S.K.: 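The structure under discussion is supplied below as structure tokens; questions concerning it will follow.
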Amino acid sequence: LGGGILNAGTLTVSQSRFSGNRAGNGGALANQPLATATVSSTLMNQNSTSAVGGGAIINFGRLTLFNVVLDSNTAPIDGGGLVF
């Protein structure tokens, strides 16, 4: 989970780029149950998964996105960009 970041607590990401990350699920970011992630002004592109989904993000917790671009992310089954 989480080729770029696996969050199990509280995470804030701003003005960043996640590109080319790979994981079983959540190519760029995996947000675990009970975790909180806030992502703003960030580009997530060309991330991928090899299992179920969330090419860019797989979320099991609380997630806030503001001014985030999900572009050209891939997954074999669910959500090339985002899975909730």
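Note that the structure is a prediction, hence the values are computed from the model and not measured.
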S.K.: Could you pull out all residues at least two apart from Leu43 that satisfy side chain to side chain contact (heavy atoms under 4.5 Å, CB included)?
M.R.: Arg17, Asn45, Val69
S.K.: Answer yes if Leu29 and Leu70 sit in the same cluster of Ile, Leu, Val, Met, Phe, Trp and Tyr residues linked by side chain heavy atoms under 4.5 Å apart, and no otherwise.
M.R.: yes
S.K.: Please name all residues satisfying side chain to side chain contact (heavy atoms under 4.5 Å, CB included) with Asp78, sequence neighbours left out, ordered by chain then number.
M.R.: Val52, Val83
S.K.: Not counting sequence neighbours, which residues clear side chain to side chain contact (heavy atoms under 4.5 Å, CB included) with Ala75? List them please.
M.R.: Thr49
S.K.: As a quick check of understanding, evaluate side-chain contact (heavy atoms from CB on, under 4.5 Å) for Phe60 and Ile58, giving each step before the final call.
M.R.: CA-CA 7 Å; Phe60 300 105; Ile58 192 163; 3.7 Å; yes
S.K.: With side-chain contact (heavy atoms from CB on, under 4.5 Å) as the test, would you mind laying out the steps for Phe84 and Ile57 before giving the verdict?
M.R.: CA-CA 8 Å; Phe84 267 84; Ile57 301 169; over 6 Å; no
S.K.: Can you name the nearest heavy-atom pair linking Val13 to Phe18, along with the distance?
M.R.: CG1-CE1, 3.8 Å
S.K.: Taking side chain to side chain contact (heavy atoms under 4.5 Å, CB included) as the definition, give me every residue that meets it alongside Thr64, ordered by chain and number, with sequence neighbours left out.
M.R.: Thr38
S.K.: How long is the span from the CG atom in Leu65 to the OG atom in Ser41, to the nearest 0.5 Å?
M.R.: 11.5 Å
S.K.: So Met44 and Val39, side-chain contact (heavy atoms from CB on, under 4.5 Å) or not? Walk me through it.
M.R.: CA-CA 10 Å; Met44 293 186 173; Val39 182; 4.2 Å; yes
S.K.: Which heavy atom in Thr42 sits nearest to a heavy atom in Gln15, and how many Å separate them?
M.R.: OG1-N, 3.7 Å
S.K.: Can any side-chain N or O of Asn47 pair as donor or acceptor with the backbone N or O of Asn73 at less than 3.5 Å?
M.R.: no
S.K.: What residues, two or more places apart in sequence or in another chain, satisfy side-chain hydrogen bond (donor to acceptor under 3.5 Å, both in side chains) together with Asn25?
M.R.: none
S.K.: Are Thr36 and Leu11 packed together at the side-chain level, in the sense that at least one heavy-atom pair is separated by less than 4.5 angstrom?
M.R.: no
S.K.: CG/Asn7 to CG/Leu34 distance, rounded to the nearest 0.5 angstrom?
M.R.: 11.0 Å
S.K.: Among residues at least two apart in sequence or on other chains, which ones pass side-chain hydrogen bond (donor to acceptor under 3.5 Å, both in side chains) with Ser40?
M.R.: Ser14
S.K.: Looking at every non-hydrogen atom in both residues, tell me the closest pair between Arg62 and Asn31 and how far apart they are.
M.R.: O-ND2, 3.1 Å
S.K.: Please report the shortest heavy-atom distance between Ala30 and Gly2, naming the atom on each side.
M.R.: CB-N, 3.4 Å
S.K.: Work out which heavy atom in Ala8 is nearest to a heavy atom in Gln32; give both atom names and the distance.
M.R.: CA-CB, 4.1 Å
